[in-house]
Each structure stands twice: as structure tokens, then as C-alpha cells.
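Notes for the one structure printed next.
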Amino acid sequence: MENDKISLVTEDGLRVDGRKLDELRPVKIEVGVLANADGSAFIQQGKSKLLVAVYGPRELHPRHLALPDKALIRCRYHMAPFSVEERKSPAPSRREIELSKIIREALEPAILVDRFPRTSIDIFIEVLEADGGTRCAAVTAASVALAHAGIPMRDLVAACAVGKVDGKIVVDLCDAEDKYGEVDMPVAYMPNKKVVTLLQMDGILTREEFDEAFKKAISACEKIYEFQLNALKKHLSIIEEVKEEESNG
Ligand code: UDP
């Protein structure tokens, strides 16, 4: 029934959480949050919170999976049982298997895999709290964690979903917008190489709407890229400070 429809955008163009149509949720990225991983990052985007650990390049087990000319990238996207309102089974769901694959495919073009034949690079993503956009936040944080692990890359990969809600193109959908909106379109992008490494679409857009949404997605990825760079720079400056303190005794 039309009257029962949930309104997601006000007449003033404000969204359920008070954001403007083009506005990202607050983004916080921290680098080097896990002592036992080669590279790690934490991301909070709105209410979504994820932790990423990267290992490698390292010897690959089982060995028969080794690729003679490049590193094998393995990726596991996992949602903690407490990350969503209704407890999620800890066993891997079909959705998690699909997301692990598309996140790996979104990251691989950025990694210089041919420098490390016969090794593996393992990426573990734990969703601690989910409120929409977790695949994109996973790509964003994993790319930072790969850089933190010192893995040579062509570029960082930044990701953000755009979509259509109440007939309007919006940026960085939260869970309610994802669930009750018309379209969800996650995009991952290498800002310096200007290459799109992931583009999915759930729903239907006209050609004009797609063009508008795509442009907004690229601009959102460029903003996310600034957060990635700043997080890496901040981490490096902390390391420099510690080194300086140590050398000063
Ligand atoms: N979600 C959930 N339970 C699940 C899977 C997803 O509540 O088992 C929610 C969660 O908030 C997630 C959102 O649905 O972020 C959107 O999921 P989608 O599959 O579109 O992926 P995402 O937008 O997180 O990349």
C-alpha cells in the first residue's frame, strides 16, 4: 500500500540519518591495529565497523595451489555473529563466499602479484558491526592493510556504494537505504590509475540515472582515497616519532 511506504528522503532533501544526498557517512581509518598481522587496518564508516588483517607474501599451503608466475590472493569476508541485529550463523554463508570473491577481484588489479610467484597473500576481513556498505568498506580497509604490509601496489583501491532512494541518487547508503531503497550500486576505483575494479548493481537505473550515480561514485571514491592516504601518513608519522624518541634515548 502506498501509505505504508517508508519515506527515506525528506522534502528538504535530507536522508534518514540527516545527511544530504551526496554526503558520505563519517569515515575513520586506523592503520596497524593488529600486532600479529603483517598489515592491518580498522575502518568505521557510519555505524559499519570492520577489521582487516593481511599476511604475506608468504609460503603457500597447500603447495599445489601455488601459481608459477604470480602470488595467489586469498580473501575471506566474514561477518561476526553479533555484527547484525539478528544473530548471524558463524558458518560461511553464500553471501560471504560471493563477497570474498568480489572483494579479492576488486583488489587484485592493484597488487603487483607477478613480483611474488609461488606465494600467497591472505586477506581476512571481519565485519564487527554492519550497517550497509560493508563490501566497499572492506575493499577500502583491505587496500590500506595491504599497503601497511608493504606489499607493492599500483594504486590504492577506494570503494563506495551509491544508489537510488525515493527516486533520488544518493551516496554511501546505510542499511535502511540499502534495504528499502530502489537501487544499490557498489563501486571500487583506483583513483590514480582511473580504473574501476568493481561495479555491481542491485535494481534498475535509467541510462541518465546511471551516469549521474557513476559520477557520484567516482567522486565519493576520491574522497575515500583521501581518508586512506591520511590514515597511512598518520601511521608513518607515528613510526617516525617513535624512532626519533628511541634514538634520542
Ligand atoms: N545484513 C544483515 N544480515 C546479513 C547480511 C547483511 O543484516 O546476514 C545487512 C547488513 O547491515 C549489511 C546490509 O544488510 O551491511 C547490506 O548487505 P549487502 O548484502 O547489500 O552488502 P553490503 O551493503 O554490506 O556491502
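If you're wondering where the values come from, they're calculated on a predicted model, not measured in any experiment. Just so you know, ligand 1 is whichever comes first in the structure, and atom 1 is the first atom listed for that ligand. As a basis for the values below, the full set of heavy atoms in this structure was taken, side chains included, without hydrogen atoms, waters or symmetry mates.
Note that OG1 of T119 and NZ of K70 are 11.5 Å apart. Values are rounded to the nearest 0.5 Å.
Of the N or O atoms in T134, one or more lie within a sub-3.5 Å distance of an N or O in ligand 1. Remark: ligand 1 and R135 share an N or O pair separated by less than 3.5 Å (distance only, no angle test).
When hydrogens are left out, the protein atom nearest atom 4 (C) of ligand 1 is M79 SD, 4.1 Å; that is the closest non-hydrogen contact. Ranking protein heavy atoms by distance to atom 7 (O) of ligand 1, first place goes to V84 CG1, 3.2 Å. Summary of contacts: the protein heavy atom closest to atom 23 (O) of ligand 1 is G133 N, 2.9 Å. Shortest contact from atom 9 (C) of ligand 1 to any protein heavy atom: D175 OD1, 3.6 Å. Remark: minimum distance from atom 19 (O) of ligand 1 to any protein heavy atom is reached at R95 NE, 2.7 Å. Shortest contact from atom 20 (O) of ligand 1 to any protein heavy atom: D178 OD2, 2.9 Å.
Counting only N and O atoms by type, the side chains of S237 and E240 include no donor and acceptor under 3.5 Å apart. No side-chain donor from either of Q44 and R25 sits under 3.5 Å from a side-chain acceptor of the other. Side-chain contact, D12 with T10: no donor N or O sits under 3.5 Å from an acceptor N or O.
If you look at D184 next to ligand 1, the close heavy atoms, those under 4.0 Å, all belong to the side chain.
The side-chain hydrogen bond (donor to acceptor under 3.5 Å, both in side chains) test with Y77 is passed by exactly one of R104, R95, E98: R95.
Set against the non-hydrogen atoms of G132, the atoms of ligand 1 under 4.0 Å away are 11 (O), 12 (C), 15 (O), 23 (O), 24 (O). For ligand 1 and A130, the ligand atoms under 4.0 Å from any heavy atom of the residue are 10 (C), 11 (O), 15 (O).
In this structure D202 satisfies the side chain to side chain donor-acceptor pair (under 3.5 Å) test with no other residue, sequence neighbours excluded.
Shown here for M185 and M201, the closest heavy-atom pair between the two residues is SD-SD, 3.8 Å.
The 12-atom threshold is exceeded at CZ of R154, counting heavy atoms of other residues, nucleotides or ligands nearer than 6.0 Å.
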